Amino acid sequence: MTLGLSVIGLLVLLALGAHVGTAMGLVSSGMVLSVDGVPLTVVAQTAFKSINSYPLMAIPMFVLMGNLMMRGNIVAVMIELIGSLVRCVRGGLALTVMLACVFFAAVSGSSVGSAAAIGAATVDGLKRENYPPRFSAALVAVGGTLGLMIPPSLGFILIGSIVGLPVDKLFIAGILPGLMEAAFLLMTTVWLTRRHGYGNTAGTPDFAGFTRRLPRAAGALSMPVLVLGSIYLGIFTPTEVSAVAAGYAALLCVLIYRTMKWRDVWQASQESILQSTMIFMVVMGGSLIGFILARMGVSASLIGFMERMDMSAWQFLLLANAVLLVLGMFLDGVAMIVLTAPLLFPMATHLGIDPVHFAVIMVANVEIATLTPPIGLNLFVMSGIARIPVEQVARGVVPFYVTRLVSLALITFVPALSLALVH
């Protein structure tokens, strides 16, 4: 009864417009009061413990790095460079945008941030080449989701902190699945542009232009190498490299590209603090709910239910994906991870599923959640940028959504994709 009322209360608060972290904090506090033998002081203790985490300290710096790259108009530099070679084919600008999404995914760590940065820089250009607004918005909305899988990923940082997995291993595990997803999205883009005749062509590749633009883009291109290379070689931890990368991004935008001033860096820092605070609020609220559910024995009950049902690993994975896809309709990615990770990971490990592999599966579901109505954040971001109704963006996403589900199936049932670089 307590659990059912808590779920209803959470949904009511969210429907009334309460922030996810605030709603989760209020509901969890009410659950604490309803459980015998749990002192009220546990609310403060559990909330503090949930964010007193070394891996979580990477979040503010990675958020700042993404904001600096977005404000510094790095997207335009990459669009020009990639377009020099790709614009010669039918739908070349659409392919350029998708490739820019791959690059920005490797420096932002955020799906919404990637979509906002790339959408603001490319939607008008796509419109000038007669791409339908619905297709243009959907293209960027879907491409932006790669920011959750390709490291550095805020999703992996959260999962690692919550369930105790090494964040560097999770980052490395996301590389091959992220590249596979990018390849599938590029193929879908090629198919759609050729089928409908979208876009113009520039004739031949502009190798001279590429050579001329490469030195200017070298600073931006080195960012993914700095982040992933230093982690893979063991030079920095993810938390350390987040600070190094944020500092490098500031120097790049202010001194090299001169697209920002130091006062802009300060403004970006203020925005990053607010964004990070909202993430930490969700983490605190979700951790409280997880604590109470554990105290109520929900995790143990679910494992016992699986044993009675004689559930196999593949059946559990199908069920977990179905549950996460449904939850993705109503919760944002951070809330999904914080609420479900403490429940699903013990069940997965009980069935012998590698926790790193399951973390990649969870992130793949969060990617899809950002595209799923009625809450899909990327849909709303691109609706505002493209100035079209959310329903049109959602309809444009449908072909890419099918591609996303195929990628999810491969990630789920081909563990080698996630584990090949880890073990």
Side-chain angles (χ1 to χ4, degrees), residues 58-59 61-63 65-67 69-70 74-75 78 82 95-119 139-160 165-189 220-232 238 241-242 245-246 249 333-334 337 356-357 359-371 377-378 400 403-404 406-408 410-411 414 417-422:
I59 289 179
M61 290 293 101
F62 278 131
V63 170
M65 180 186 71
N67 284 337
M69 299 290 276
M70 178 173 65
I74 305 300
V75 175
M78 298 309 303
I82 298 169
L95 291 174
T96 300
V97 170
M98 187 59 73
L99 287 169
C101 289
V102 177
F103 166 78
F104 212 81
V107 298
S108 73
S110 166
S111 172
V112 173
S114 296
I118 296 169
L139 179 75
V140 179
V142 175
T145 63
L146 294 171
L148 288 168
M149 182 65 74
I150 297 176
S153 162
L154 300 185
F156 284 135
I157 295 172
L158 282 174
I159 292 173
L165 291 173
V167 176
D168 54 350
K169 280 192 174 182
L170 295 178
F171 277 5
I172 294 168
I175 294 174
L176 289 182
L179 293 177
M180 180 202 70
E181 290 176 339
F184 282 3
L185 291 177
L186 285 167
M187 288 188 286
T188 306
T189 302
L221 289 171
S222 63
M223 180 67 82
V225 178
L226 170 67
V227 174
L228 299 181
S230 59
I231 292 174
Y232 196 82
V241 81
S242 68
V334 175
I337 290 172
V356 173
H357 175 215
V360 177
I361 294 172
M362 181 170 283
V363 170
N365 276 282
V366 174
E367 288 182 300
I368 295 175
T370 64
L371 303 172
L377 295 179
N378 282 20
F400 295 102
T403 303
R404 274 291 187 209
V406 171
S407 298
L408 175 62
L410 289 173
I411 290 170
V414 184
L417 280 171
S418 306
L419 303 177
L421 297 179
V422 176

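Because the structure is predicted, anything quoted here is derived from the model rather than measured.
Between Leu148 and Leu154, the closest side-chain pair of non-hydrogen atoms is not below 4.5 Å. Considering only heavy atoms from C-beta on, Val102 stays 4.5 Å or farther from Leu185 through its side chain. Within the 4.5 Å cutoff, the side chain of Leu165 has no heavy atoms near those of the Phe156 side chain.
Note that CG of Leu408 is 4.5 Å distant from CD1 of Ile368, once rounded to the nearest 0.5 Å. To the nearest 0.5 Å, atoms CG (Leu226) and CG (Leu221) are separated by 13.0 Å. In this structure, OG1 on Thr96 lies 12.0 Å from CD1 on Ile118, to the nearest 0.5 angstrom. We find the CD-CD distance between Glu181 and Glu367 to be 4.0 Å, quoted to the nearest 0.5 Å. Between Leu95 atom CG and Leu139 atom CG the span is 8.5 Å, to the nearest 0.5 Å. Distance CZ/Phe400 to CG/Leu371: 10.5 Å, rounded to 0.5 Å.
The heavy-atom pair separating Val360 from Ala173 by the smallest distance is CG2-CB, 3.9 Å. The two residues Ala100 and Ile82 make their nearest non-hydrogen contact at N-CD1, 3.9 Å. Val366 and Gly333 get closest at one heavy-atom pair: CG1-CA, 3.4 Å. Residues Cys101 and Gly144 share a closest heavy-atom pair of SG-N, 4.1 Å. Annotation for Arg404 and Val142: closest pair NH2-O, 3.8 Å, computed over non-hydrogen atoms. Heavy atoms only, all atoms of each residue included: Ala420 and Leu176 are closest at CB-CD1, 4.0 Å.
In terms of modelled atom types and a separation under 3.5 Å, the side chain of Ser407 and the main chain of Thr403 share a donor-acceptor contact. The closest donor-acceptor contact from the side chain of Ser153 to the backbone of Ile150 lies at 3.5 Å or more, if one exists at all.
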I'd like to know whether Phe171 forms a side-chain contact (heavy atoms from CB on, under 4.5 Å) with Ile157, so could you lay out the CA-CA distance, the side-chain angles of the two residues, the decisive distance to 0.1 Å, and finally the verdict. CA-CA 8 Å; Phe171 277 5; Ile157 295 172; 3.8 Å; yes
Kindly determine whether Ile411 and Met149 satisfy side-chain contact (heavy atoms from CB on, under 4.5 Å), including the steps that lead there. CA-CA 11 Å; Ile411 290 170; Met149 182 65 74; 4.2 Å; yes
Run Phe104 and Leu146 through side-chain contact (heavy atoms from CB on, under 4.5 Å) and show every step you take. CA-CA 9 Å; Phe104 212 81; Leu146 294 171; over 6 Å; no
side-chain contact (heavy atoms from CB on, under 4.5 Å) between Phe184 and Leu410, intermediate numbers included: CA-CA 11 Å; Phe184 282 3; Leu410 289 173; 3.4 Å; yes
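Shown here are the side chain to side chain contact (heavy atoms under 4.5 Å, CB included) partners of Ala220, two or more places apart in sequence or in another chain: Ile74, Met78, Phe103, Tyr257. Leu228 is linked by a side chain to side chain contact (heavy atoms under 4.5 Å, CB included) to Pro151, counting only residues two or more places apart in sequence or in another chain.
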